[in-house]
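Notes follow once the structure below has been shown.
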Amino acid sequence: MRLGVFVCHCGSNIAATVDCAAVALAARAMPDVAFAADSVYTCSEPGQEAIVAAVAEHGLDGVVVASCSPRMHERTFRRTVARAGLNPYMFEMANIREHVSWVGRDKERNTAKATDLVRMAVEKLRRNRPLTPREFPVTRRVLVVGGGVAGIQAALDCADGGLEVVLVERASSIGGKMAQLDKTFPTVDCSSCVLGPRMVDVAQHPGITLHAYSEVASVSGWVGNFEVAVRRKATYVDWSKCTGCGECVKKCPARDAPDPFNAGLAPARAINIPFPQAIPKKAVINPAHCKQLTTGKCGVCAKVCPSGAIDYAMTETTVTEKVGAIIVATGYELFDPKVYGQYGGGRYPDVITSMQYERMLSASGPTGGHVLRPSDGREPRSVVFIQCVGSRDRHIGRPYCSGFCCMYTAKQAILTRDHVPGAQTYVFYMDIRSPGKGYDEFIRRAMEEYGVRYVRGRVSRIFPKGDRLVVRGADTLMAAQVQVEADLVVLAVGAEHAPGAHELAATLRVSIDEHGFFMEGHPKLRPVETNTAGVYLAGACQGPKDIPASVSQASAAAAKVLGLFARGTLASDPQVALVDPRRCVGCLKCLKTCPFGAIREEQGRDGAVRAQVVETVCQGCGVCCVTCPQGAVQLQHFTDDQILAEVEALCRIPLPTCG
Amino acid sequence: MPDPAADLRIIGFLCNWCSYGGADTAGVARLAQPTDLRIVRVPCSGRIDPLFIAKAFYGGADGVLVSGCHPRDCHYSEGNYHARRRLELFLRLLPALGIDPGRFLYTWVSASEGQRWQQVVADFTARVHALGPMPRLRETDLAAAALCHPAAPQEGA
């Protein structure tokens, strides 16, 4: 066997703390190594061409590249190796950047460590075998989880691309957070005028099946062939009959149900249609507040419903959908400011959240678009906005910037002047973050045209004085204490992960970060993919995002799905388990431990029962290999032999041979 | 090959999806770590045969660190549950094999937990350094190692 080793400098990223030439020199002495060299950028075009040329010139059978993490460039170099005429699996990477040069300070020790990692890679590669992927058919349907603006965009893009789309939304209407907004920055155009037609498109598109008031219960299968159980919650209204006329809502006597759509600004009826533009525009009964369902004495909605749609005996149902890919667009939740006792912690009625203020500004909101104090219904003359409530504060576990609060605060301050001419507005801020097209200009307009008074500093306390509130804080630019009397205080609450994100992540087998947002495959190169093949991310479920960014990512996710399905078949990863029929004794312990049901019982020609791996189902975890008492199941590309060769490459004394 | 005397031989078995990513995250953030650890990448902590660890010790490793996805967060749904059972049992078996259990650690680090990874590596390296280099094992222990597991396939070796 003739192997080639290429040690990358990565500019100075590796070369600054690792002697790459010494590593290449040491590699030359390793078994089977016929060629070793160092290069400045191995991933660059000349770097890759040097690999192709070296394979031809030195008749190499395999290649080791010592550079960055295989999670970064393994695919890149596998393609290079394939271009050189080798099997792409005759390739190994030694991670001497993320695991060596970036974390170690001592050049001599780093060089020794890098040499060890190269030796491990060489020993592994000596035992590699060429592997070939198999083709398998895909279900050209996509599941979109979440019907906010990102989910809507992803669903429409996929459907326009000719795919069948299943859209699952937890609430009774799609639209998400954007449907709750009055206006959007920086154009100050009506949010529902932008979103409404898109929602209608979803309802009317022949390629989209909408499951509203539903949740993803379980997911099985793998990329190309997922099977998803969708739990359709009981609405107590037969939606095939409901016309959305709203008679039931008008007559319902139970008026104390929570109204999440209006952010708790006003109570809702027990039977409700969240907003006039709802898609689907269907009523849903809240069983915790319905008098008929709690006490058995009412039935008003059933009496008034002209189409006889009310069904108090309805129970939840489950439908199964087969899809080939999944786009997660579950969005975010707003921070609950009750944590901050200094802002009143929910005790003062005139301290409200930005979403409550948004509903107040909306013409379809509970106040009909009039800005009125919740305590006495009076129009405020002075409104104070406090930014970074639940953002950039390590003490409450929210160290990140939510990104959009600076902008929506400026928008709300501008709208305040439109709704209440002559009102004075103050904004307490830490820093203004407005990186977007036309964003900083928008902030300037708020300051200069609308006279919004920006005070740089944190608020230490809010306390009542008569029927007004006193906001006390610091002005760090003036180095002075400031005190402002306010009629209304609006807390610019930040974004946090959507409720249920952890459960959904476990269902979909994708990772979440420490703040509960879904993890992308790579922060720069795979921002839309997850590490689970066939599962993509769109919008704020991956991290706080404003509307343009959410829509962009949704379109990107749709493009990824369309690309995935473009050929009609997928190539399976050949790094799967393989049973050696000569060693297998048919105990079938592997069949019991396989998480994917990828192992089946097979009767050989000799009549003996043995295990067999279904290649297209196996995901390559290797749990079976450790289970097998005979060592008969081996995960290809990660065999016992290969892993132990890496271990042995590190050990000072040779390993004892077992058996 | 230069082999700085101060570095001990610590072998890490890391799952590709969480802990290997966490180690990458620590690298990207330039979180300084001791240089003793060398990482073997495996697809899942469920792929790690306790025999690999025993063999590493018998081969002269001074410490072995295993890290996978947090329970409930496994890329393969349940691989780390299998790992947890196997490794917990293995941990209790170590004294019988003549190996100080302090030389072995299994833990969970997610792909976003770069700082946690830095801490795990620093703490474990310090722990192994406190124990010093691994004493050479006696022939009887090596024989025990050969008995602890039936033959692993050596095809192609």
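Bear in mind the structure is a predicted one, so any value in this text is a computation, not a measurement. Each chain gets a letter, A, B and so on, in the order the sequences are listed, and its residues count up from 1. What's counted below: heavy atoms across the whole structure, side chains too, no hydrogens, waters or symmetry copies.
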Quick check: do [X] and [Y] have side-chain heavy atoms less than 4.5 Å from each other?
{"X": "B:Asp24", "Y": "A:His99", "result": "yes"}
{"X": "A:Val626", "Y": "B:His82", "result": "no"}
{"X": "A:Ile643", "Y": "B:Val40", "result": "yes"}
{"X": "B:Tyr20", "Y": "A:Arg71", "result": "yes"}
{"X": "A:Asp640", "Y": "B:Phe52", "result": "yes"}
{"X": "B:Ile39", "Y": "A:Asn95", "result": "no"}

Go through B:Phe13 and A:Val647 one step at a time and tell me if the side chain to side chain contact (heavy atoms under 4.5 Å, CB included) criterion holds.
CA-CA 10 Å; B:Phe13 292 97; A:Val647 173; 3.6 Å; yes
Between [X] and chain B, which part of the residue has a heavy atom less than 4.5 Å away: side chain, backbone, both or neither?
{"X": "A:Asp106", "value": "neither"}
{"X": "A:Val23", "value": "neither"}
{"X": "A:Thr530", "value": "neither"}

For atom [atom1] of [X], is the number of surrounding heavy atoms from other residues, nucleotides or ligands below 6.0 Å larger than 12?
{"X": "A:Arg105", "atom1": "CZ", "value": "yes"}
{"X": "A:Arg75", "atom1": "CZ", "value": "no"}
{"X": "A:Lys107", "atom1": "NZ", "value": "yes"}

Only pairs of heavy atoms separated by less than 4.5 Å count here; which of [options] has the most with chain A?
{"options": "B:Val28, B:Val64, B:Thr25, B:Val42", "answer": "B:Val28"}
{"options": "B:Cys74, B:Gly79, B:Cys44, B:Ala29", "answer": "B:Cys44"}
{"options": "B:Val121, B:Asp36, B:Ile11", "answer": "B:Ile11"}

Who are the disulfide bond (SG atoms under 2.5 Å apart) partners of B:Cys18, not counting sequence neighbours?
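Partners of B:Cys18 by the disulfide bond (SG atoms under 2.5 Å apart) criterion, ordered by chain and then number, come out as B:Cys69.
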Tell me the salt bridge (charged side-chain N to carboxylate O under 4.0 Å, His left out) pairs involving residues 76-89 of chain B, sequence neighbours left out?
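Listed by first then second residue: B:Glu88-B:Arg92.
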I need the residue from [options] with the largest number of non-hydrogen atom pairs under 4.5 Å to chain B.
{"options": "A:Pro70, A:Ala121, A:Ala29", "value": "A:Pro70"}
{"options": "A:Cys621, A:Cys625, A:Gly622", "value": "A:Cys621"}
{"options": "A:Ala506, A:Ser69, A:Ser101, A:Ala22", "value": "A:Ser69"}
{"options": "A:Asp580, A:Val100, A:Thr627", "value": "A:Thr627"}

Applying side chain to side chain contact (heavy atoms under 4.5 Å, CB included), run through A:Val103 and B:Leu31 and close with a yes or a no.
CA-CA 6 Å; A:Val103 295; B:Leu31 302 178; 5.5 Å; no
Pair A:Asn531, B:Asn16: side-chain N/O donor-acceptor within cut-off below 3.5 Å:
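Not at all, the side chains of A:Asn531 and B:Asn16 share no donor-acceptor pair under 3.5 Å.
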Please walk me through it: do A:His502 and B:Asp73 pass side-chain hydrogen bond (donor to acceptor under 3.5 Å, both in side chains)?
CA-CA 9 Å; A:His502 291 77; B:Asp73 197 17; over 6 Å; no
Using the salt bridge (charged side-chain N to carboxylate O under 4.0 Å, His left out) rule, take B:Arg9 and A:Asp116 through it: C-alpha gap first, then chi angles, then the decisive distance, then the call.
CA-CA 11 Å; B:Arg9 190 69 53 183; A:Asp116 275 356; 2.8 Å; yes
So which part of B:Cys15 gets closer than 4.5 Å to some heavy atom of chain A, the side chain, the backbone, both or neither?
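For B:Cys15, neither part sits under 4.5 Å from chain A.
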In a check of salt bridge (charged side-chain N to carboxylate O under 4.0 Å, His left out) between B:Arg41 and each of A:Glu74, A:Glu98, A:Glu92, which one passes?
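Of the listed residues A:Glu74, A:Glu98, A:Glu92, the salt bridge (charged side-chain N to carboxylate O under 4.0 Å, His left out) partner of B:Arg41 is A:Glu74.
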Is there a donor-acceptor pair closer than 3.5 Å between any side-chain N or O of B:Arg47 and the backbone N or O of A:Phe638?
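It does hold such a pair.
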How would you list, by chain and number, every residue that makes a side chain to side chain donor-acceptor pair (under 3.5 Å) with A:Lys113, sequence neighbours excluded?
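Partners of A:Lys113 by the side chain to side chain donor-acceptor pair (under 3.5 Å) criterion come out as none, since no residue qualifies.
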Which residues in residues 105-116 of chain B have a heavy atom less than 4.5 Å from any heavy atom of chain A?
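Within residues 105-116 of chain B, the residues under 4.5 Å from chain A are B:Ala111, B:Ser112.
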Reported CG-to-CD1 distance for the pair A:Leu650 and B:Ile10, which is rounded to 0.5 angstrom:
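One finds 11.5 Å between CG of A:Leu650 and CD1 of B:Ile10.
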Gap between atom SG of A:Cys618 and atom OH of B:Tyr76 - 0.5 Å precision
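Reported value, rounded in 0.5 Å steps: 8.5 Å.
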Please find the pair of heavy atoms, one from B:Pro43 and one from A:Gly620, that lie closest to each other, and give the distance.
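Heavy-atom minimum between the residues: CB-O, 3.4 Å.
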